[in-house]
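Per chain, numbering begins at 1; letters A, B, ... match sequence-line order. Below, all heavy atoms of this structure are taken into account, side chains as well, without hydrogens, waters or symmetry copies.
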Amino acid sequence: MADKKTFYITTAISYPNGTPHIGHAYELIATDAIARFKRLDGYEVFFLTGTDEHGQKMLQTAAREGMTARELADRNAAVFRRMGQALDASNDDFIRTTEPRHHAASQEIWRRMEANGDIYLDSYAGWYSVRDEAFFAENETTVGGDGVRRGPTGAPVEWLEEESYFFRLSAYQDRLLALYESQPTFIQPDERRNEIMSFVRSGLKDLSVSRTAFDWGIPVPGNPKHVMYVWVDALTNYVTATGYPDTTQPRAHFWPADVHIIGKDIVRFHTVYWPAFLMSAGYPLPRQVFGHGFLFNRGEKMSKSVGNVIDPFTLADHYGVDQLRYFFLREVPFGQDGNYSHEAIVARINADLANDLGNLAQRSLSMVAKNLEGRVPAPGALSEADATILAAADALPQKARAAMEGLALHTMLAEVWKVVADANRYFAGEEPWVKRKTDPERFGTVLYVTAEVIRAVAIVAQAVMPTSAGKFLDLLGVPADQRMLEHVGAAHRLAAGAMLPAPQPVFPRYVEAEKSEATA
RNA sequence: UGCGCGGUAGGGCAGUGGUAGCCCGCCUGGCUCAUAACCAGGAGGUCGUCGGUUCAAAUCCGACCUGCGCAACCA
């Protein structure tokens, strides 16, 4: 029945008590590129993103802004949605945890955990800091000379006790460790896996999973005095979107998810709590959780007080969406922390995009336009140089798949640009501007081979730069249904004699407008 | 404090036992088809410090210095 391989990928859902920042944009772009790559490779893809709208912080921010939590959520969720459009994200769904479908799914998963004996009512007690909105262990607090007990941030704490439901996380320690052992790529990259394993080995305590202090959340089934702890609610979004618990829904077959792409700060929630919840509820586990790194502005963490916070809309606007997408994914090894700066972005745009690829396409295609009446030349016998560069281009899908297997987006792009660099060397070495007069057949062959290389490069690059890569394919007259990875190679070569549109630059150089204009 | 990761050319990084590499930037030359782009060559490094193993160490071992991450309710 299932004839097409499926691939389900998610971002974390964003907390909309503020507007999106560059970290949200980075995660969305990376996830989108992976989703697009899988589609290019013939998979039936389901790509989900959305917003996590419950919790006390939403209430507090809303109160400060003089609105209800619902109004705040509506307003900011719309901004997150708009960011997706601005960044050319191809998500198939956008989930909001305040939607009825999500309440139903969360309550169902709760009931199943409860039925399995993993939920019990007790009371939660500890030193609570109102300012930090957090409980602290006794040994994290200190009593100062003034007799006031304070938490690690220096805020006063008070002893607080409230009724709470608990999840029997302690019962899952062994099963979680067994999971990490038997499925080494469940947590990636490895640094994160090590951290989580040592954390779990050190022992797990039961988890408080409900709150009574506020009501902006999903009511606990059978006890509406409680709302679910935000993480129980938030994590469940990934199954909600597949129609859970209704297995007849059109997207039910996507579960289990192939990979959750998340920031490294929330790896624990996704690799300890989430699989434990699912084990308890008797539902299959996601195959992988990948914690990406953070982006720093010139090595500094973004913060409002430093004044280096940059709005993703402004960035996309200023540099171009595809240019920004390329920069993030090429510059930063996926999984590690990275840096960005105006200079670094401009360097990538000009060197890789405008000079290396854009100019190669422009110089070769304008030769076709000016000397061959804009028709794809018929290649003659292939020289060794022709065959070598063609083979490199034809091998790109395999190289790209190998890199993407480990979600190494930066490596994938490096492989593609290695071929671009080879093509520039090839082109210079063949000197078509000389052959034009001395050897018309070689002239045509070189241009044909170059066009084929650009075709392969553009097909793969669509994952990262859908619009620009599409323009290259347009310039080469590649039909819309011939743009998958499988179309790279000998079986789908450009047809000799085909008329091509007039070449146009795809990647303009970034020219510094004014010093004051500098964005980063 | 415990555990983990990193410290290699001006900047960003690869390299895990056998003549130090890549990209950007810089200098020189070539070419002139092209988006002042492209190609070739060059300058530039005591591979964090000290000690050890080895015929041979950036690469293995130990100590130390230094930056960073994780150490339960924090989206």
Closest listed nucleotide, where the reference is the side chain of [X] and the choices are [options]:
{"X": "Trp231(A)", "options": "C73(B), A75(B), A34(B)", "value": "A75(B)"}
{"X": "Asn359(A)", "options": "A72(B), C39(B), A37(B)", "value": "A37(B)"}
{"X": "Tyr229(A)", "options": "G69(B), C73(B), C33(B)", "value": "C73(B)"}
{"X": "Lys264(A)", "options": "A72(B), G69(B), C38(B)", "value": "G69(B)"}
{"X": "Ile266(A)", "options": "A72(B), A75(B), C38(B)", "value": "A75(B)"}

Under a 3.5 Å cut-off for both contacts, is [N] paired Watson-Crick or G-U wobble with anything, and if yes, with which nucleotide?
{"N": "A9(B)", "value": "none"}
{"N": "C31(B)", "value": "none"}
{"N": "C47(B)", "value": "none"}
{"N": "C70(B)", "value": "G2(B)"}
{"N": "C60(B)", "value": "G52(B)"}

Rounded distance in Å between the [atom1] positions of [N] and [M]:
{"N": "C24(B)", "M": "G44(B)", "atom1": "C1'", "answer": "14 Å"}
{"N": "U46(B)", "M": "C5(B)", "atom1": "C1'", "answer": "25 Å"}
{"N": "A43(B)", "M": "G25(B)", "atom1": "C1'", "answer": "13 Å"}
{"N": "G4(B)", "M": "C47(B)", "atom1": "C1'", "answer": "23 Å"}
{"N": "G21(B)", "M": "G15(B)", "atom1": "P", "answer": "15 Å"}
{"N": "U59(B)", "M": "U49(B)", "atom1": "P", "answer": "10 Å"}
{"N": "C22(B)", "M": "A34(B)", "atom1": "C1'", "answer": "26 Å"}

Touch class at under 4.0 angstrom, heavy-atom based, for Val200(A) against every strand present: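 Contact class for Val200(A): none.
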Integer-rounded Å distance: C73(B) C1' and Tyr15(A) OH: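 Whole-Å distance recorded here is 13 Å.
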Tyr426(A) OH to C33(B) P, straight-line distance once rounded to whole Å: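 Those two atoms, OH and P, are 19 Å apart.
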5′-ward residue of the pair Asp265(A)/Phe199(A) relative to RNA chain B: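 Per heavy-atom nearest nucleotide, the more 5' residue is Phe199(A).
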Which residue lies more 5' along RNA chain B, comparing Ser208(A) with Gln362(A) via nearest heavy atoms: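 Counting from the 5' end, the first nearest nucleotide belongs to Gln362(A).
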Identify whether the distance between the nearest side-chain nitrogen and carboxylate oxygen of [X] and [Y] falls below 4.0 Å.
{"X": "Lys225(A)", "Y": "Glu163(A)", "value": "yes"}
{"X": "Asp52(A)", "Y": "Arg96(A)", "value": "no"}
{"X": "Asp32(A)", "Y": "Arg325(A)", "value": "yes"}

Aromatic centroids of Phe334(A) and Phe290(A) separated by under 6.0 Å: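 For Phe290(A) and Phe334(A), the ring centres are under 6.0 Å apart.
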Residue-phosphate contact under 4.0 Å: Arg192(A) side-chain N/O, C70(B) OP1/OP2: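 So the side-chain polar atoms of Arg192(A) never come under 4.0 Å of the phosphate oxygens OP1 or OP2 of C70(B).
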Base A37(B) paired with Asn355(A) side chain (donor-acceptor, <3.5 Å):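 Side chain to base: no pair present.
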Thr97(A) and His102(A): side chain donor to acceptor below 3.5 Å: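 No donor-acceptor contact under 3.5 Å links the two side chains.
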Pair Tyr26(A)-His21(A), side-chain donor/acceptor within less than 3.5 Å: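 No, His21(A) and Tyr26(A) have no side-chain donor paired with an acceptor closer than 3.5 Å.
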